[in-house]
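Sequence positions, counted from 1, serve as the residue numbers for this chain.
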Amino acid sequence: MLTQLTLVRDGENYVVGSPHTAAYVEVPEIGARIIEWLQDGASVAEAGRRAADLAGEPVDVEDFMQTLADEGLLAEGDGAAPLTGTLRQRAGAALFGRIAWSAYAVLALTAAVLLVAVPALRPTFRDAFPFDTQLLNIVAASVLGMLAVAAHEGAHVLATAALGLRSRLSVSRRLYFVTFQADLTRLWSVPRRARYGPLLAGMAWDAAILSVALLVQVAVPDGLVVRLLRALIVLQFTALVAQAMVFVRTDIYALLVNATGCKTLWATKGALLRRYLRRAGPDDRRQLAEADPREVVWARRYLWLYVPGTAVALYYLGMFVLPALPHLVGLCIAPIRADGLTTLAAWEGLAALAVAALPSALAIAGAVRGAWRVLFRAISGGASA
């Protein structure tokens with residue numbers, strides 16, 4: 001496994017990675033040189049002599065190798081080989097090559113121009129309800145939303161595959177938003193500049209889908225197709241706006257981390273915030289003491305986005321999301337109260353309640369519980385975020 005380790009310069013240090021286990025660790029330059037010597041066939045003893053000459057003092061190469069093993073870099077992993085030459089890699093290269101990125105840029109610009117120049121095309125909340133019945137609206141929003149998310153995360157996967165790297169999808173929650181997320185950990189095995197494409201890929205497809213939906217809407221007559229397109233436009237427009245919420249670690253947050261080179265921005269931000277609140281614990285003080293001064297500077301700048309952004313999001317939760325849930329429940333159970341489960345409308349209301357209200361309530365409850373834990377740690381001086 002040693003011969004398959006990747007070495008990528010990142011500032012003054014190097015990121016050592018295993019494409020098979022998606023394990024990565026940062027090492028100083030002498031550590032990178034030791035790995036290169038061993039990969040070229042040098043023995044441990046020879047690598048130790050070269051390292052001692054370079055460092056001017058003895059270097060324990062065996063201990064260094066044990067550290068790499070403890071970090072999982074020398075494990076067999078899942079046996080997943082790089083994607084070079086596979087169908088997924090070729091598809092990713094075609095969809096995220098230079099010509100494709102030019103097309104995405106044109107489509108994104110087209111969408112922006114249409115939304116600014118043609119007021120009638122701008123989405124409103126009413127567009128999210130293309131049907132007369134609540135159940136059909138929920139089903140339409142769920143199906144369109146799932147397809148949009150699949151496209152967004154699929155773009156991340158394919159753009160990563162274009163580099164010959166694997167990625168996996170997972171389900172998670174950002175604040176009180178349920179979402180899917182592609183695991184892009186293996187991007188650490190490529191230079192920082194090469195990571196921008198996979199990180200931007202999801203938003204590129206969001207903008208492309210938005211642009212195509214707007215253009216098709218202009219070209220076809222009013223009807224069901226247009227109403228569904230309007231619903232899709234609302235979803236895509238909202239998705240792009242939500243990406244600007246860097247305080248909940250969106251794609252733009254990932255781009256910020258990549259551009260600044262900060263590896264512990266989130267944890268440093270949390271420790272810094274608790275220090276400002278005079279609630280910093282031992283872990284927080286250790287985090288700030290060990291963090292690079294440049295990273296602390298960026299964490300301080302990031303707080304200017306994190307604190308007001310979180311406040312706005314929680315305000316939106318309290319003023320719009322939470323009040324809307326009882327209203328949705330009321331709409332769903334109204335026909336049940338009127339006729340019992342004896343009419344189609346009543347059964348539609350019950351189905352709508354099961355499809356939308358219950359999952360929304362569980363997601364919000366989980367988010368509130370998570371927010372309470374974060375608040376408690378901030379006040380009591382718990383572990384770093």
Side-chain angles (χ1 to χ4, degrees), residues 119-154 169-180 206 209-210 212-214 216-242 313-371:
L121 295 179
R122 297 171 190 170
T124 69
F125 74 93
R126 296 182 179 85
D127 295 327
F129 304 95
F131 297 101
D132 295 330
T133 63
Q134 192 68 15
L135 178 59
L136 287 178
N137 286 327
I138 291 173
V139 171
S142 299
V143 172
L144 290 174
M146 291 292 291
L147 292 175
V149 171
H152 178 99
E153 298 301 333
L169 293 178
S170 61
V171 182
S172 62
R173 172 174 50 80
R174 292 174 179 169
L175 203 57
Y176 50 84
F177 301 102
V178 177
T179 185
F180 295 88
D206 286 342
I209 293 171
L210 173 63
V212 171
L214 288 169
V216 174
Q217 179 191 341
V218 172
V220 302
D222 289 339
L224 177 60
V225 172
V226 170
R227 295 200 301 272
L228 289 174
L229 285 172
R230 295 291 295 174
L232 178 60
I233 289 169
V234 170
L235 290 172
Q236 295 302 95
F237 181 79
T238 302
L240 287 168
V241 172
L314 293 176
Y315 173 81
Y316 180 83
L317 172 66
M319 296 300 295
F320 295 95
V321 178
L322 292 178
L325 187 58
H327 178 68
L328 175 61
V329 173
L331 291 175
C332 293
I333 66 175
I336 301 175
R337 285 179 174 176
D339 304 305
L341 295 176
T342 60
T343 64
L344 179 60
W347 282 103
E348 287 181 347
L350 182 63
L353 190 65
V355 170
L358 182 59
S360 297
L362 292 175
I364 292 172
V368 171
R369 188 164 57 249

Distance-only check: which donor-acceptor pairs under 3.5 Å involve side-chain atoms of residues 224-234, not counting sequence neighbours?
residue : atom : partner : partner atom : Å
R227    : NE   : P130    : O            : 2.8
R230    : NE   : D127    : OD2          : 3.3
R230    : NH1  : L121    : O            : 2.8
R230    : NH1  : Q217    : OE1          : 3.3
R230    : NH2  : R122    : O            : 2.8
R230    : NH2  : D127    : OD2          : 2.7

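Atoms CD1 and OG1, from I336 and T342 in turn, are 10.5 Å apart once rounded to the nearest 0.5 Å. A distance of 9.0 Å separates NE2 of H152 from CG of L240, quoted to the nearest 0.5 Å.
Scanning all heavy atoms of the two residues, the minimum distance from D206 to A239 falls at OD2-CB, 4.2 Å.
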